Amino acid sequence: MMDEGLLRAAALGGFWTALDVVASTGSTNADLLARAAADAAVPEGQVLVAEEQTAGRGRLGRTWTSVPGAALTFSVLLRPVTVPAERRGWLPLIAGVAVASAVRSVTGGGGSGGGASGGAASGGAASGGGGSGGGGSGGAVDAVLKWPNDVLVGERKLAGILAEQSPDGSAVVIGIGLNVATPADALPVSPAGLPATSLLVEGASVSRAALLLEILRQFESWYTAFMADPDPARTGLLDAYRPLCVTLGQRVRVELPVGRFVSGTATGVDHDGRLLVADNPGEPPTAISAGDVIHVRP
């Protein structure tokens with residue numbers, strides 16, 4: 001089990017206000033949403049880490065399964081009061097940038113980011129450094145993103161991200177599940193969707209504590225900048241997301257929640273975090289706020 005005391009000593013004191021590690025729970029997202037609902041005074045910056053989730057959820061109602069102790073599964077509580085409703089679609093995208101950049105940083109992969117202004121840092125990692133290149137050994141992993149926030153290595157899914165908002169809109173919880181040391185024969189198999197992978201399978205041996213702290217550092221930097229100015233262009237967030245997102249420039253089929261689909265080329269991401277898909281060059285694109293993206297092979 002990860003050392004709660006060391007993680008708290010490294011992470012708390014700035015934006016992050018609480019960090020708890022539990023052996024098992026149903027869903028860290030559900031737990032933090034319940035915490036926020038029970039007390040409106042609970043501040044943002046709460047982190048809940050679970051060694052095992054028995055009822056973990058993914059996007060579009062999917063389940064998330066992992067081997068206890070082999071994955072990094074946690075949620076963070078936000079109160080984005082300064083972010084307009086139409087810009088809150090960027091919150092899970094911020095998490096995607098933070099996770100992909102942290103994986104690159106901890107494993108020594110290419111183009112690891114430093115946050116909105118070089119990193120509004122929490123402290124060093126609990127075991128082996130939380131900054132660039134610390135806490136890992138073996139192969140470098142160039143993590144990328146599939147819109148909106150699946151974290152991939154090649155065409156294999158390394159991590160999933162789920163954002164959920166409280167009914168009154170006062171709180172947003174973002175959950176992250178990342179396969180760290182899961183062996184190949186224990187990876188979940190999806191009948192529909194991308195095959196799974198883990199950092200271990202990709203040749204990287206990584207401290208989960210170091211990776212968690214680097215994700216929190218990256219997330220803090222981007223989120224606090226976005227809270228101060230919820231414009232993804234002015235904060236540099238748009239420029240950080242675009243090169244990490246391999247969806248852009250590809251032919252895609254987007255399955256929408258209402259049962260329809262949109263096909264075309266993913267031409268960009270707009271200021272509200274929506275994917276822009278154009279059927280033909282020169283045509284006005286369709287802006288998509290939610291959907292399941294399939295990269296169509298040429």
Side-chain angles (χ1 to χ4, degrees), residues 4 7-8 10-22 25-50 53 56-59 72-99 101-102 115-117 119-123 148-149 160-177 212-238 240-241 271-274 289-290:
E4 184 180 76
L7 288 171
R8 286 176 172 174
L12 303 185
F15 171 75
W16 303 109
T17 55
L19 191 155
D20 300 303
V21 180
V22 298
T25 190
S27 162
T28 53
N29 265 28
D31 291 349
L32 284 187
L33 284 169
R35 188 183 298 182
D39 185 356
V42 169
E44 67 177 349
Q46 311 259 316
V47 183
L48 178 60
V49 184
Q53 290 193 85
R57 303 191 300 275
R59 291 179 61 249
L72 183 57
T73 54
F74 68 101
S75 298
V76 299
L77 171 64
L78 311 174
R79 294 196 183 273
V81 293
T82 63
V83 180
E86 64 272 16
R87 292 286 167 88
R88 290 192 176 189
W90 271 101
L91 298 177
L93 273 63
I94 288 173
V97 170
V99 172
S101 299
S117 57
S122 300
N149 42 45
I161 296 166
L162 176 67
E164 297 182 284
Q165 185 166 265
S166 63
D168 64 359
S170 66
V172 173
V173 170
I174 297 181
I176 296 169
L212 172 64
L213 291 171
E214 180 64 5
I215 293 171
L216 295 179
R217 185 186 74 84
Q218 295 270 354
F219 188 91
E220 176 185 352
S221 177
W222 287 114
Y223 176 71
T224 54
F226 193 65
M227 281 279 284
D229 180 8
D231 184 304
R234 286 196 297 264
T235 58
L237 181 57
L238 198 56
Y241 184 82
H271 276 54
D272 295 333
R274 298 178 299 179
S289 59

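Computed from a predicted model, the values in this text were never measured in an experiment.
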Fill in: ring pair (Phe, Tyr, Trp, His ring centres under 6.0 Å) against Y241, all qualifying residues, sequence neighbours excluded
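Residues passing ring pair (Phe, Tyr, Trp, His ring centres under 6.0 Å) with Y241: W90.
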Fill in: Residue pair N149, V97: steps toward the side-chain contact (heavy atoms from CB on, under 4.5 Å) verdict
CA-CA 8 Å; N149 42 45; V97 170; over 6 Å; no
Got a second to check how far [X]'s [atom1] is from [Y]'s [atom2], nearest 0.5 Å?
| X | Y | atom1 | atom2 | value |
| --- | --- | --- | --- | --- |
| S101 | I215 | OG | CD1 | 10.0 Å |
| Q165 | L78 | CD | CG | 10.5 Å |
| L19 | L48 | CG | CG | 8.5 Å |
| R217 | L212 | CZ | CG | 13.0 Å |
| F74 | I176 | CZ | CD1 | 3.5 Å |
| I94 | M227 | CD1 | CE | 10.0 Å |

Discussion item. So does A171 get a backbone contact from the side chain of S166, meaning a donor-acceptor N/O pair under 3.5 Å?
Written reply: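 Present.
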Discussion item. Tell me if a side-chain donor or acceptor on D272 pairs with a main-chain N or O of R274 at a distance below 3.5 Å.
Written reply: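 No.
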Non-hydrogen atoms of [X] and [Y] that approach each other most closely:
| X | Y | value |
| --- | --- | --- |
| P80 | S170 | CD-O, 4.4 Å |
| A95 | I161 | C-CD1, 3.8 Å |
| I174 | L91 | CD1-O, 3.5 Å |
| V172 | R88 | CG2-NH1, 4.1 Å |
| W16 | V76 | CZ3-CG1, 3.7 Å |

Under 3.5 Å donor-acceptor pairs involving side-chain atoms of residues 34-41, not counting sequence neighbours:
from : atom 1 : to  : atom 2 : distance (Å)
R35  : NH1    : Q46 : OE1    : 2.7
D39  : OD1    : A41 : N      : 2.9

Worksheet item: Would D20 and R8 satisfy salt bridge (Lys or Arg N to Asp or Glu O under 4.0 Å), going step by step from the backbone distance to the final call?
Response: CA-CA 8 Å; D20 300 303; R8 286 176 172 174; 2.7 Å; yes
Worksheet entry | CA sep, side-chain torsions, deciding dist, call: H271, D231, side-chain contact (heavy atoms from CB on, under 4.5 Å) | CA-CA 7 Å; H271 276 54; D231 184 304; 3.8 Å; yes
Are the side chains of [X] and [Y] in touch, meaning some heavy atoms are under 4.5 Å apart?
| X | Y | result |
| --- | --- | --- |
| R79 | P43 | no |
| L7 | L213 | yes |
| P148 | P92 | no |
| L77 | T17 | no |
| V22 | T28 | no |

Between [Y] and [X], do the side chains contain a donor N or O and an acceptor N or O under 3.5 Å apart?
| X | Y | answer |
| --- | --- | --- |
| Q53 | T25 | no |
| N29 | S75 | yes |
| Y223 | E44 | yes |

Fill in: T82 vs F226, side-chain contact (heavy atoms from CB on, under 4.5 Å): CA-CA, chis, key distance, verdict
CA-CA 9 Å; T82 63; F226 193 65; over 6 Å; no
Fill in: Worked verdict on V47 versus V49 for side-chain contact (heavy atoms from CB on, under 4.5 Å)
CA-CA 7 Å; V47 183; V49 184; 4.0 Å; yes
